[in-house]
Amino acid sequence: MNLVFLGAPGAGKGTQAEYICRHFGIISISTGNIIREALKNGTELGLKAKTYMDAGGLVPDEIVIDIIKERLAQDDCKDGFILDGFPRTVPQAVALDKMGVVIDKVIEIFVPDEKITERMSGRRVCEVCGASYHIEYKPPKNGETCDNDGGHLIQRKDDAPETVKERLRVYHEQTEPLKGYYEEQGKLYIVEGQEDIKDTTRYTVEVLEN
Ligand code: AMP
Ligand code: ZN
């Protein structure tokens, strides 16, 4: 099963992707995580991406398309995957189709903008492994550090309020048109993001099992 997860920044698609991939025994690929990893390692890709990312914008299509091409060529993708955060523009979706990658279903985790703004301010990520938490909705077990490795939890620069506003604008302008693109292919399913993350997961599983 090959899936695409869409959703405004902060709608919780990354968290859902993590849960759903475990449920179905497939892998989850986040272009955002790949880029952040490159940044941490100081690679050329990371340096190129940094300015766009910090400003709340999208990294140019050529760069992310190359990233995903390389990633999907790896062996562990053969049994299915979730693309979390790719495609984010129509040209990226066209490129994916041209690669011959067959997507079975596209899930949009839908949350209204007002709610997103409220949620993003509480988001934290582990400095070590990148796991994501929310101080209110998905706190770490001990309330302070990462469940996986005890890593320090930080607020991503791109989760700062003024950046969030810009990211939402970019989402509506560049990513939302993908809904029409996949609707035409008969692949789009919309799941409303619930207060309780587990409820959203349950609805998503239902959509995927039917
Ligand atoms: P994410 O963790 O998915 O929210 O991604 C964080 C940032 O990485 C985004 O705000 C973009 O700057 C960049 N990024 C991730 N995926 C893509 C993509 N498919 N196209 C363009 N930029 C991306
Ligand atoms: Zn961690």
Side-chain angles (χ1 to χ4, degrees), residues 4-18 28-40 43 45-72 81-97 99 101 103 106-109 111 116 119-120 123-134 138-178 181-182:
V4 164
F5 273 36
L6 287 179
K13 76 177 160 44
T15 307
Q16 291 304 324
E18 267 178 53
S28 173
I29 299 169
S30 152
T31 39
N33 281 350
I34 296 175
I35 295 168
R36 275 186 291 275
E37 186 66 20
L39 234 165
K40 215 168 77 186
T43 66
L45 163 69
L47 290 177
K48 263 197 228 160
K50 186 175 167 33
T51 39
Y52 301 101
M53 225 168 148
D54 284 352
L58 294 182
V59 173
D61 287 339
E62 317 82 80
I63 300 181
V64 274
I65 289 168
D66 278 350
I67 291 176
I68 214 74
K69 218 180 245 172
E70 202 173 287
R71 184 64 189 85
L72 290 178
F81 52 78
I82 296 175
L83 296 182
D84 163 21
F86 184 96
R88 257 184 163 96
T89 65
V90 172
Q92 290 177 22
V94 172
L96 194 62
D97 284 343
M99 281 177 227
V101 175
I103 299 299
V106 175
I107 303 285
E108 186 205 19
I109 307 291
V111 175
I116 285 180
R119 280 190 190 179
M120 297 278 268
R123 204 149 89 146
R124 300 291 181 272
V125 293
C126 170
E127 220 172 27
V128 180
C129 71
S132 55
Y133 297 91
H134 191 283
K138 192 194 171 193
K141 291 199 180 87
N142 69 3
E144 275 182 26
T145 56
C146 179
D147 293 344
N148 302 331
D149 47 31
H152 188 47
L153 303 184
I154 53 166
Q155 182 172 50
R156 272 161 44 177
K157 209 183 244 174
D158 51 358
D159 284 345
E162 62 283 8
T163 320
V164 170
K165 211 170 151 203
E166 173 61 10
R167 291 176 75 199
L168 283 172
R169 193 190 64 74
V170 170
Y171 177 78
H172 292 303
E173 186 184 284
Q174 303 200 54
T175 308
E176 237 179 352
L178 280 177
Y181 183 86
Y182 285 120

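Both ligands and their constituent atoms are indexed starting at 1 by order of listing.
- Using a 4.5 Å heavy-atom threshold, the side chains of Leu6 and Lys13 count as separate.
- The shortest non-hydrogen separation linking Asp84 to Ala17 is CB-CB, 4.0 Å.
- When the salt bridge (charged side-chain N to carboxylate O under 4.0 Å, His left out) test is applied to Glu166, the partners found at least two apart in sequence or on another chain are Arg169.
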Would you tabulate the side-chain donor-acceptor contacts of residues 50-57 under 3.5 Å, counting partners in other chains and residues two or more places apart, or write 'none'?
unit_1, atom_1, unit_2, atom_2, d
Lys50, NZ, Asp54, OD2, 2.7

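- Counting heavy atoms of neighbouring residues, nucleotides and ligands inside a 6.0 Å radius, atom CD of Glu144 does not exceed 12 of them.
- Between Tyr133 and the choices Thr15, Thr145, Asp147, the side chain to side chain contact (heavy atoms under 4.5 Å, CB included) rule is met once, by Asp147.
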Any protein N or O within less than 3.5 Å of an N or O in ligand 1? List each pair with its distance, or say none.
unit_1, atom_1, unit_2, atom_2, d
ligand 1, 2 (O), Arg36, NH1, 3.0
ligand 1, 2 (O), Arg36, NH2, 2.8
ligand 1, 3 (O), Arg88, NH1, 3.1
ligand 1, 3 (O), Arg88, NH2, 3.1
ligand 1, 4 (O), Arg88, NH2, 3.1
ligand 1, 4 (O), Arg167, NH2, 2.8
ligand 1, 12 (O), Gly57, O, 2.7
ligand 1, 16 (N), Thr31, OG1, 2.7
ligand 1, 16 (N), Gly85, O, 3.4
ligand 1, 16 (N), Arg88, NH1, 3.0
ligand 1, 19 (N), Gly85, O, 2.9
ligand 1, 19 (N), Gln92, OE1, 2.9
ligand 1, 20 (N), Gln92, NE2, 2.9
ligand 1, 22 (N), Val59, N, 3.0

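- Of the candidates Arg124, Arg167, Arg119, Asp159 forms a side chain to side chain donor-acceptor pair (under 3.5 Å) with just one, namely Arg167.
- Protein atoms of type N/O/S that fall under 2.8 Å from the Zn ion (ligand 2) number 5 in this view.
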Check step by step if side-chain contact (heavy atoms from CB on, under 4.5 Å) holds for Phe81 and Val101.
CA-CA 11 Å; Phe81 52 78; Val101 175; 3.7 Å; yes

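- Between Ile65 and Pro91 the shortest heavy-atom distance is CD1-O, 4.3 Å.
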